Structure formats: structure tokens, C-alpha cells
Amino acid sequence: MHINRLHDWPASEAEAVALQHALRERVDVSAPPPGPISLIAGCDIAYHLTEPRLFAAVVILKMNDLSVVEELTVSREVTFPYVPGLLSFREVPALLELFSDLRHTPDAVMLDGQGIAHPRRFGLACHLGLWLDLPCVGCAKSWLVGDYAEPGRTAGEASPLSVDGAEVGAVVRSATGVKPVFVSPGHRTDIASATQLVRATLSGYRHPAPTRAAHIAAGRSRAAAGV
DNA sequence: GCGACAG
DNA sequence: ATCTTGTCGC
């Protein structure tokens, strides 16, 4: 798919933070995705054990049966340090490389990371969402910001996640008995739709099918590289 | 000053 | 993210 340039990549953390403040106002989480979602993309990245290199993966799944129709991986040099709150500057470049080579254009994207449940309301899912101009949902494995009540122990149960009294997402029990995941919209989807999308792709594991498939693909890519 | 911190 | 064996529970 074709991708329009959104901005140049910052070299410092200060520049990155400034860019987040400038881009956050373009994020739209006011409404559900514009159309039906029949294809969904899952993304994840694995890191080299000793070198500054990553292995990114994007997998396209059909929403009706969660079968994989396309899978792409790429290895790349890591160009930005890991700083809580600035994760997207480390992972988005590699993901964009993959999306530009995709044969299918997904109707929505799911990522391992936060959407607007972020210190500056601009998590990984928001950033990739703006670049792709596609509905993006953040599904993080751990907490970054916000208050919430522990959701029920059964798969599908959820409780609201809020920051300063404003709802930003939901804490979802993705499988019975596992630690919940933190779901928040990134772009072109509202909180309810983001949560429903995660619920609709649960497959018995802690991670929803899209990100789970991407996680496995990224790991396989790294293994194939000899580490 | 202290505690917290997606991947 | 990544290193790791066994082990508890359904």
C-alpha cells in the first residue's frame, strides 16, 4: 500500500516529544472505523540479543475466521533508544517499511503497545495510525498510564481505563485466568470499537490472534537469522 | 525527594 | 524487549 510522508524522523528525545505534541491533535478517536472490517493486520517486533537490530513482522488476517492471508517480515538496524513514552520512534519506521510492501490493505491494525493511553496521548498505535491513515488499536501487555479496577477473571470481561478522570481505553481479560491487556484506540476508532475488535479476535491465548501471529512471525524471523 | 516507566 | 526450568492448574 502507498504511504504518504508524515514527518522526518527526530534524532533526539526532545525533538520526539515535541513532535508528539504537534501530532497528537491530528489523532481521531471520536468515532468507530468508517466501514466494515474484513481484514485486520497484526504487528510485532523481536529484538536481536546482542546487536542493535530488530525483526519486524506484519500479518494480515481475515476477520471472519482469523486465517492468515499474508505475512511479511524485515530485519533492520535499531535507530532510536527505548524510552518509555517514545516507543513509536523505535518501532514505527520498520513497520512502515513492511506496510509499503503489503499486497493487501487491511481495514484495521492491531499493535503491541498503547494508543491514547499514553502520557501525551500519543502512543504507538496513534503514531502508526496517522502514518497509515487507518484504524489502529493498541493492545499492550502492561500498564503505562491510567487508573482501573481489576476486570473479572473470565475471558472478555473488561473495565475502563482512565487518566485524569477521562476514559482512554479498557483493561481486557483476553483469556480466562491470564493477566489482562491494556486496550486503547490509536486512530480512526473509538474506545468501544477498539475494545470490540480485541474481543472479536480473541483466540484462547493472552494475545489476540493478530498480534499473536505477528509475535510468532517476528520470533521466527529472528530465529532464521541465527539468533 | 520518591516512585513509575508500552517494547 | 531478552535470558530461563520446572512446575502448578485445567
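Protein chains get the first letters and strands the later ones, always in sequence-line order, with residue 1 at the start of each. All of these numbers come straight from a predicted model, not from anything done at the bench. Excluded from the calculations below are hydrogen atoms, water molecules and symmetry mates; all remaining heavy atoms, backbone and side chain alike, are included.
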### Query
Hey, are A/H7 and A/H127 close enough side-chain-wise for a donor-acceptor pair under 3.5 Å?
yes
### Query
Is A/G85 touching bases, backbone alone, or none of the nucleic acid, heavy atoms closer than 4.0 Å?
base
### Query
Between A/D147 (CG) and B/dG3 (C1'), how many Å, whole number?
15 Å
#### Entry: Side chains of A/S75 and A/R53, donor plus acceptor under 3.5 Å
yes
### Task
Mark this stacking check for A/W143 against B/dA6 as yes or no, applying ring centres under 5.5 Å and ring planes under 30°.
no
### Task
Using whole Å, report how far CZ of A/F80 lies from P of B/dA6.
15 Å
### Query
With a cut-off of under 6.0 Å to the ring centre and 45° to the axis, is A/R222 in cation-pi contact with A/F55?
no
### Query
Does some side-chain heavy atom of A/T176 sit less than 4.5 Å from a side-chain heavy atom of A/R153?
yes
### Query
Under 4.0 Å between a side-chain N or O of A/R222 and OP1 or OP2 of C/dT2?
yes
### Task
Locate the shortest heavy-atom distance separating A/P32 from A/S193; write the atom from each residue and the value.
CB-OG, 3.2 Å
### Query
Rounding to a whole Å, what distance do you find between A/R206:CZ and B/dG7:C1'?
13 Å
### Task
State whether a side-chain donor-acceptor pair under 3.5 Å links A/D107 with A/S38.
yes
#### Entry: Residue pair A/L111 / A/L95: nearest heavy atoms and the distance that separates them
CD2-CD1, 3.9 Å
### Message
When you compare the side chains of A/H187 and A/T189, does any donor N or O come within less than 3.5 Å of an acceptor on the partner?
### Response
no
#### Entry: Basic-acidic side-chain contact under 4.0 Å: A/E25, A/R121
no
### Query
Got a sec: does the CG of A/D65 have more than 12 other heavy atoms crowding it under 6.0 Å?
yes
### Message
Please report the distance, rounded to the nearest Å, between CD in A/E91 and C1' in C/dT2.
### Response
14 Å
### Task
Represent DNA chain C in dot-bracket notation, 5' to 3'. Only Watson-Crick or G-U wobble pairs with both distances under 3.5 Å count; pseudoknot-style crossings use [ ] and interstrand partners use |.
..........
### Query
So does A/K141 get a side-chain nitrogen or oxygen closer than 4.0 Å to the phosphate oxygens (OP1/OP2) of B/dA6?
no
### Query
Do any of residues 46-54 of chain A sit with a heavy atom less than 4.0 Å from DNA chain C, and if so which?
A/A46, A/Y47, A/L49
### Message
For A/K62, is there an ion pair with A/E70 - N to carboxylate O distance below 4.0 angstrom?
### Response
no
#### Entry: Rounded interatomic separation in angstrom, taking CG from A/L144 and C1' from B/dG3
15 Å
#### Entry: Nearest-Å distance for atom pair CG/P, residues A/L87 and B/dA6
9 Å
### Query
If you find the nucleotide of DNA chain C closest to A/R153 and the one closest to A/V227, which residue's nucleotide is nearer the 5' end?
A/V227
### Query
Looking at residues 110-137 of chain A, who's got a heavy atom less than 4.0 Å off DNA chain B?
A/D112, A/G113, A/Q114, A/H118, A/G123, A/L124
#### Entry: Verify same cluster id: A/V145, A/L23 (apolar side-chain graph, 4.5 Å)
yes
### Short side-chain N/O contact to B/dA6 OP1/OP2 from A/S88, under 4.0 Å
no
### Task
Measure from CG on A/L86 to C1' on B/dC5 and round the result to the nearest Å.
11 Å
### Task
Return the value, rounded to whole Å, for the distance between atom CZ of A/R90 and atom P of B/dG7.
12 Å
